[in-house]
Amino acid sequence: MEILIKNSTSITKPKSECLVITVNSDKNQSDTVKEVDKATNGLVSQLIKSGDISGELGKTTFLYSCSSELKQELLFVGCGKLKEFDINQSKQVIEAAAKELLAKKVKSVNWDLLTVKSSVNSEIVKQLPQIINNMTYCFDQFKSKKSPIPDLNKITLIFNDKKQSESLTNGLLQGQIIADAISTTKTIANMPSNVCNAQYLADQAKQLGKKHSSLKVSCLGEKELAKLNMNAYLAVGRGSANESIMTIIEYYGAKDKKAQPYVFVGKGLTFDSGGISIKPSAGMDEMKYDMCGAATVYGVMQAVAELKLPINVVGVMAGCENMPDGNSYRPGDILTTMSGTTVEVINTDAEGRLVLCDALTYVERYKPKTVIDIATLTGACIVALGHHYTGVMGNNKNLVNELVLASNKAGDKAWELPIDNDFQEQIKSTCADIVNAGGRDGGTITAACFLSRFTEKYHWAHLDIAGTAWQSGAKKGATGRPVAMLIEYLLTR
């Protein structure tokens, strides 16, 4: 789909199949509404007065060609009161309009959304491609009959302020890059586990490295991981026929190539059966999504390369598979991690933290500015925050606050959970340094407490995306979250 920005004092003169016009619930309408009203001989003002065209937020009214002068279809969408209009309301406007355009199979549109409120224009153009990509995305690689390509193929955003030209152009470019990164993340996450294993993640990263010369990709297999004493990581994958592989993607965009990088570590359990502590069969198919953290890292690194950010960034995809086998690790085993900390295994289904703890120790070598891990770590996070908010915890208040702010700006919501010493008591072991499962109470927080033992040498935040990385049911599929939040975080660096 092509999205353009055009500077024009008129929305009706550049020809298209349909005009998208924003109306508010205030008394005074925009110049665009007045222009279209004049072209329709006062019909629009009559319909607004009668309530057939409403300024109510998200309310749409579609009119077919209604005058000889204006031979275009009209889609009116309400934006509520202008003084209350913000980025969250603009998303509702975009979604409502796009839903109507797709349903009516409109091919090309001129859109006056930019004339609503100039203070949020650049954020609106950043959100628009993301929202439309999300509404039109489909995963049909394995279907015999492919999904039809949406009719909507061209959107021209009309604005009339030359001063905003550069910010709007940059906002649109960023939005398109973020949208593409989210789609890529979804596709990798949606892949079935008989296709997507740790080797597949490594191969995808290598292809990305070939596409972008600014990226350096390296892969550590089981022999390399063993030499590094990453015994917890290796234990999780012992029961699988597929090799455990940690893939590292490095980007050095700062003038000082030795400047401290921002590091992202993604949990990459390409399938999680629970191991010896095997999961119930109901819903186990969705455990292919246990690598959404790694898929997020891939999407972020793709966007970083395309945005050409002037910072250094390192992404780690910690890939492996947790399966039951004669060689699987067991409840009661004691593992010595890369850091030397010993872990008593209480539950082999608390495997993500065992993979992450060694990966988090590994990234110390980069002397990172910050480290953020992304993981579908605990079902307890779904109980706490549902499917709306990503859980955020960490050892640095400023970093946690920055992530929450980025989530609000990106419309990719996150919520901070406490991680204090009271919860650390729950992961004490009688025969090792710590246990890998601290019980049901505060499960999301005790999992973060476990990880915190391996992150004392840098500023660190943990994102639990168990409730936000995918959705179940009739619309089962990856969401691409929290790619938008993390790119927004990097853009403000």
Side-chain angles (χ1 to χ4, degrees), residues 246 248-267 293-294 296-297 300-301 303-304 309-318 337-341 352-353 355-375 377-378 381 389-410 412 414-424 427 434 444-465 482-493:
M246 187 169 74
I248 300 128
I249 308 172
E250 299 173 76
Y251 170 86
Y252 296 98
K255 288 183 179 179
D256 180 4
K257 305 307 177 187
K258 294 183 179 180
Q260 290 178 288
Y262 298 88
V263 176
F264 298 93
V265 179
K267 175 185 172 185
T296 295
V297 168
V300 168
M301 296 309 295
V304 165
L309 297 181
I311 54 176
N312 296 335
V313 186
V314 175
V316 176
M317 297 192 292
T337 65
M338 183 181 181
S339 72
T341 300
R353 63 203 72 181
V355 171
L356 289 173
C357 72
D358 278 347
L360 290 168
T361 301
Y362 177 86
V363 300
E364 287 177 6
R365 65 191 56 208
Y366 292 104
K367 295 180 173 56
K369 191 170 184 66
T370 62
V371 176
I372 300 168
D373 77 73
I374 310 102
L377 206 62
T378 65
C381 195
Y389 287 86
T390 290
V392 186
M393 291 141 278
N395 63 12
N396 181 267
K397 185 66 176 177
N398 287 337
L399 175 57
V400 170
N401 289 343
E402 287 164 358
L403 286 168
V404 172
L405 286 171
S407 76
N408 291 333
K409 191 172 182 180
D412 187 359
W415 195 266
E416 181 185 3
L417 293 173
I419 177 175
D420 52 41
N421 290 330
D422 293 338
F423 294 97
Q424 296 282 357
I427 60 170
I434 51 177
T444 298
I445 298 169
T446 55
C449 287
F450 180 97
L451 296 178
S452 72
R453 301 294 184 97
F454 304 87
T455 62
E456 295 174 353
K457 295 183 180 180
Y458 48 71
H459 292 166
W460 157 79
H462 163 60
L463 302 182
D464 194 325
I465 59 172
V483 170
M485 178 212 306
L486 293 175
I487 297 173
E488 189 62 48
Y489 165 76
L490 289 177
L491 285 171
T492 59
R493 297 308 97 202

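Since the model is a prediction, treat every value here as computed from it, not as a measurement.
In this structure, Arg493 satisfies the cation-pi test against Tyr489, with its NZ or CZ atom closer than 6.0 Å to the six-membered ring centre and inside 45 degrees of the ring normal.
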Step-by-step side-chain contact (heavy atoms from CB on, under 4.5 Å) determination, Ile372 to Leu463: CA-CA 7 Å; Ile372 300 168; Leu463 302 182; 4.0 Å; yes
Chi angles and distances behind the side chain to side chain donor-acceptor pair (under 3.5 Å) call for Asp373, Trp460: CA-CA 8 Å; Asp373 77 73; Trp460 157 79; 2.8 Å; yes
Intermediate values then yes/no, side-chain contact (heavy atoms from CB on, under 4.5 Å), Ile374 and Phe264: CA-CA 7 Å; Ile374 310 102; Phe264 298 93; 4.1 Å; yes
Trace of the side-chain contact (heavy atoms from CB on, under 4.5 Å) decision for Val316 with Val297: CA-CA 7 Å; Val316 176; Val297 168; 5.9 Å; no
Check against salt bridge (charged side-chain N to carboxylate O under 4.0 Å, His left out), Lys257 and Glu250: CA-CA 11 Å; Lys257 305 307 177 187; Glu250 299 173 76; over 6 Å; no
Worked check of side-chain contact (heavy atoms from CB on, under 4.5 Å) between Val371 and His459: CA-CA 6 Å; Val371 176; His459 292 166; over 6 Å; no
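Looking at every heavy atom in both residues, Glu488 comes nearest to Ala406 through CG-O, 3.7 Å. Between Ile419 and Gly394 the shortest heavy-atom distance is CG2-O, 3.4 Å. Residues Met301 and Val314 approach most closely at SD-C, 4.2 Å, considering heavy atoms. Closest heavy-atom contact between Ala318 and Ala359: CB-CB, 4.5 Å. Annotation for Ala375 and Lys267: closest pair CB-CB, 3.7 Å, computed over non-hydrogen atoms. The nearest pair of heavy atoms linking Thr296 to Ile465 is OG1-CD1, 4.4 Å.
By the 30° and 60° cut-offs, the orientation of the rings of Phe454 relative to Phe450 is tilted.
With Thr390 contributing its side chain and Ala414 its backbone, the two residues share no donor-acceptor pair below 3.5 Å. A donor-acceptor distance shorter than 3.5 angstrom exists from the side chain of Gln260 to the backbone of Lys367, with no hydrogens or angles considered.
Using a 4.5 Å heavy-atom threshold, the side chains of Pro418 and Ile445 count as touching. Side-chain atoms of Tyr389 and Asp464, non-hydrogen and from C-beta on, never get closer than 4.5 Å to each other. Tyr262 is not listed as a side-chain neighbour of Asn312, based on a closest heavy-atom distance of 4.5 Å or more. A 4.5 Å side-chain heavy-atom check between Val483 and Asp412 finds every atom pair outside the cut-off. At least one side-chain heavy atom of Leu360 sits less than 4.5 Å from a side-chain heavy atom of Tyr458. In this structure the side chain of Thr444 reaches within 4.5 angstrom of the side chain of Leu417, judged on heavy atoms. Residues Ile487 and Val304 have side chains not in contact (no heavy-atom distance under 4.5 Å, counting atoms from C-beta outward). Between Ile427 and Cys449, some side-chain heavy-atom pair lies under the 4.5 Å cut-off.
How far NE2 of His462 is from SG of Cys381: 7.5 Å, rounded to the nearest 0.5 Å. Atoms CZ and CZ, from Arg353 and Arg453 in turn, are 13.0 Å apart once rounded to the nearest 0.5 Å. Rounding to the nearest 0.5 angstrom, the gap separating the CG atom in Asn396 from the OG1 atom in Thr370 is 9.0 Å. With rounding to the nearest 0.5 angstrom, the OG1 atom of Thr492 is 8.5 Å from the CG atom of Leu405. The distance from the CE atom of Met393 to the CG atom of Asn395 is 12.5 Å, given to the nearest 0.5 Å. Interatomic distance, CG of Leu356 versus OG1 of Thr361, reported as 10.5 Å (0.5 Å rounding).
Electrostatic pairing of Glu402 and Lys397 does not count as a salt bridge here, judged by no charged N lying under 4.0 Å from a carboxylate O.
A donor and an acceptor atom, one from each side chain of Gln424 and Ser452, are located under 3.5 Å apart.
For CG of Asp420, the number of neighbouring non-hydrogen atoms (other residues, nucleotides, ligands) closer than 6.0 Å is greater than 12.
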